[in-house]
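These notes are about the structure you will find just below.
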Amino acid sequence: MEAEEVVAKPPKGRFCTICNQRRAALKRPKTLEQICRECFYAVFEEEIHGVIVDNQLFKPGERVAIGASGGKDSTVLAYVLSELNRRHNYGLDLFLLSVDEGITGYRDDSLETVKRNEIQYGLPLKVVSYKDLYGWTMDEIVKLIGLKNNCTFCGVFRRQALDRGATLLKVDKLVTGHNADDIAETVLLNILRGDIARLSRCTSITTGEDGPIPRCKPFKYTYEKEIVMYAYFKRLDYFSTECIYSPNAYRGFAREFIKDLERIRPRAILDIIKSGEDFRISTSTKMPEQGNCERCGYISSQFSVPSSDFLLLSMVLFA
């Protein structure tokens, strides 16, 4: 998503509806308010601060890893969290944590962005790779199994890689740049798949509290369009190319549907999240149990892929 696609400019000469002093420079996607850049920065940052405080995401003195891909979400998260940490004296030790899946022409380029962010924001960077952890890159895995189920495998491997990297950094929390659009998409996907287990927890702002390293989503109520606008106006350095292996991912169809709803009703994204929060699972419903891998001890996943594919990949990866 390019900034030029989302920056809707108000009529010329209109004053900001918040400060009523400066000329309005944009129409805010979330509320359709016509505001100036300065007020946009302020409300954007303070809304995130409010989410952090209201949900008690952090405690003073905690070590926090920011899942950094080089994309707009994680770049803005690193920048804003650094600013809020100083401004509001959170007392956090912040780190950047990146995963190198081994995707030529995509991840190798985006990691260069993360390395620049390390210098720009003064945050230590740790990179973990599929090659080091599993002995395989995603390029090699896709060559073996094809494009049909590669996102499923990559998602599980990436989650474990982040957990392992967070453990190496000895952090107390891991924060990710999942935004309101992402969460609304996940609610819709879980409904379409009939995935009761994930539906009951996909809107949680903090997950994994019963595990060694909880994960937090400070951008839970932050619109993707506003993240793009913030990065654009602040001139932040981020990587905008999509993964070369994901153009036909199932999530993409849910994303397009939600974008269509947003064009008709901007609050649709928040409404979907609210619906997900309000879902109540019947006490008589049998819930699948989350298990741990017998080999490595990390959380396992129920794969929705043909058993032959999964068994083949499991044998070659973990032989």
Side-chain angles (χ1 to χ4, degrees), residues 1 3 6-7 16 18-19 26-33 35-60 62-97 117 120-123 171-186 202-207 214-238 262 266-267 269-274 276-277:
M1 181 181 294
V6 300
V7 178
C16 172
I18 294 179
C19 69
L26 58 99
K27 182 183 289 186
R28 191 179 178 196
K30 190 175 187 178
T31 63
L32 301 183
E33 294 174 292
I35 58 179
C36 63
R37 291 189 189 185
E38 291 77 5
C39 286
F40 173 62
Y41 299 151
V43 296
F44 182 89
E45 294 165 2
E46 284 307 303
E47 282 183 6
I48 295 166
H49 171 62
V51 169
I52 290 172
V53 172
D54 292 345
N55 293 276
Q56 300 179 331
L57 296 188
F58 310 117
K59 297 176 182 177
E62 285 188 323
R63 293 166 62 89
V64 177
I66 302 168
S69 66
K72 62 186 183 311
D73 299 313
S74 62
T75 298
V76 172
L77 178 60
Y79 177 85
V80 171
L81 197 52
S82 297
E83 289 295 309
L84 295 178
N85 190 37
R86 287 191 288 267
R87 184 183 307 163
H88 297 287
N89 194 28
Y90 291 164
L92 306 177
D93 288 328
L94 300 176
F95 302 85
L96 298 177
L97 174 59
N117 293 159
Q120 293 160 351
Y121 307 149
L123 300 177
V171 297
D172 302 292
K173 301 277 176 61
L174 172 63
V175 296
T176 61
H178 290 94
N179 57 51
D181 300 57
D182 296 327
I183 295 173
E185 290 163 15
T186 303
C202 68
T203 58
S204 299
I205 195 167
T206 300
T207 57
R215 296 185 177 211
C216 306
K217 306 181 189 74
F219 283 174
K220 177 181 176 181
Y221 301 109
T222 306
Y223 278 29
E224 180 185 29
K225 286 183 178 179
E226 299 204 351
I227 292 172
V228 174
M229 291 170 66
Y230 186 90
Y232 174 74
F233 286 127
K234 284 283 188 177
R235 300 182 183 275
L236 300 185
D237 183 4
Y238 69 95
E262 184 188 9
R267 273 200 60 87
I269 292 173
L270 294 180
D271 290 341
I272 293 173
I273 294 175
K274 182 66 166 57
E277 291 173 335

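All values below were derived from every heavy atom in this structure, side-chain atoms included, with hydrogens, water molecules and symmetry-related copies excluded.
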Who passes side chain to side chain contact (heavy atoms under 4.5 Å, CB included) against Arg215, sequence neighbours left out?
Arg159, Leu162, Asp163, Leu174, Thr207
Under the criterion side chain to side chain contact (heavy atoms under 4.5 Å, CB included), which of Leu123, Leu97, Thr75 is the partner of Ile66?
Leu123
Using side-chain heavy atoms (C-beta onward) and a distance below 4.5 Å, is Tyr230 in contact with Thr222?
no
Using a 3.5 Å distance criterion without hydrogens, assess whether the side chain of Ser74 forms a donor-acceptor pair with backbone atoms of Ser69.
yes
Dump the intermediate steps for side-chain hydrogen bond (donor to acceptor under 3.5 Å, both in side chains) on His178 and Glu185, then the final yes or no.
CA-CA 11 Å; His178 290 94; Glu185 290 163 15; over 6 Å; no
Nearest heavy-atom contact between Pro214 and Thr206 is CB-CG2, 4.1 Å
Partners passing ring-ring contact (aromatic ring centres under 6.0 Å, His included) against Tyr79 (at least two apart in sequence or in another chain):
Tyr121
With heavy-atom distances below 4.5 Å as the criterion, would you say the side chains of Asp182 and Asn179 are in contact?
yes
List for me each residue that meets side chain to side chain donor-acceptor pair (under 3.5 Å) alongside Lys59, sequence neighbours excluded, and say none if there are none.
none
Side-chain contact test, heavy atoms from C-beta onward, threshold under 4.5 Å: evaluate it for Glu262 versus Lys225 and give yes or no.
yes
Ser82: partners by side chain to side chain donor-acceptor pair (under 3.5 Å), with sequence neighbours left out
none
Only counting residues at least two apart or in another chain, list the ones meeting salt bridge (charged side-chain N to carboxylate O under 4.0 Å, His left out) with Arg267.
Asp271
Qualifying salt bridge (Lys or Arg N to Asp or Glu O under 4.0 Å) pairs with a residue from residues 74-86, counting only residues at least two apart or across chains:
Glu83-Arg86
Find out whether Val76 and Tyr238 are in side-chain contact, i.e. whether some heavy atom of one side chain is under 4.5 Å from a heavy atom of the other.
no
Which residues pass the side chain to side chain contact (heavy atoms under 4.5 Å, CB included) test with Gln120, sequence neighbours left out?
Arg116, Asn117, Asp237
Look up atom CD1 in Ile272 and atom CD1 in Ile183, then write down how far apart they are to the nearest 0.5 Å.
12.0 Å
With sequence neighbours excluded, residues passing side chain to side chain donor-acceptor pair (under 3.5 Å) with Glu33:
Thr31
Measure across Phe219 and Ile48 and return the closest heavy-atom pair with its distance rounded to 0.1 Å.
CE2-CD1, 3.3 Å
Going by salt bridge (charged side-chain N to carboxylate O under 4.0 Å, His left out), name the residues that satisfy it together with Glu47, two or more places apart in sequence or in a different chain.
Arg28, Lys30
Pairwise distance CD(Glu226) to CG(Leu26) - rounded to 0.5 angstrom
8.5 Å
Listed partners of Phe95 passing ring-ring contact (aromatic ring centres under 6.0 Å, His included), at least two apart
none
Are Glu46 and Arg87 packed together at the side-chain level, in the sense that at least one heavy-atom pair is separated by less than 4.5 angstrom?
yes
To the nearest 0.5 Å, how far apart are CG in Asp54 and OH in Tyr221?
9.5 Å
Heavy atoms of Tyr223 and Ala180 approach each other most closely as CD1-CB, 4.1 Å
Sequence-distant partners of Val64, side chain to side chain contact (heavy atoms under 4.5 Å, CB included), two or more places apart
Phe58, Glu62, Leu92, Leu94, Lys173, Val175
Cys19 versus Cys39, closest heavy-atom pair with distance:
CB-SG, 3.7 Å
Using 30° and 60° as the class limits, which term best fits the ring planes of Phe233 and Phe40: parallel, tilted or perpendicular?
perpendicular
With Thr203, which residues qualify under side chain to side chain donor-acceptor pair (under 3.5 Å), at least two apart?
none
Between NZ of Lys220 and CG of Asn55, what distance do you get to the nearest 0.5 Å?
7.0 Å
Which heavy atom of Ala184 sits nearest to which heavy atom of Ile273, and what is that distance?
N-CG1, 4.1 Å
Minimum heavy-atom distance between Lys72 and Ile227, given as atom pair plus value:
O-CG2, 3.9 Å
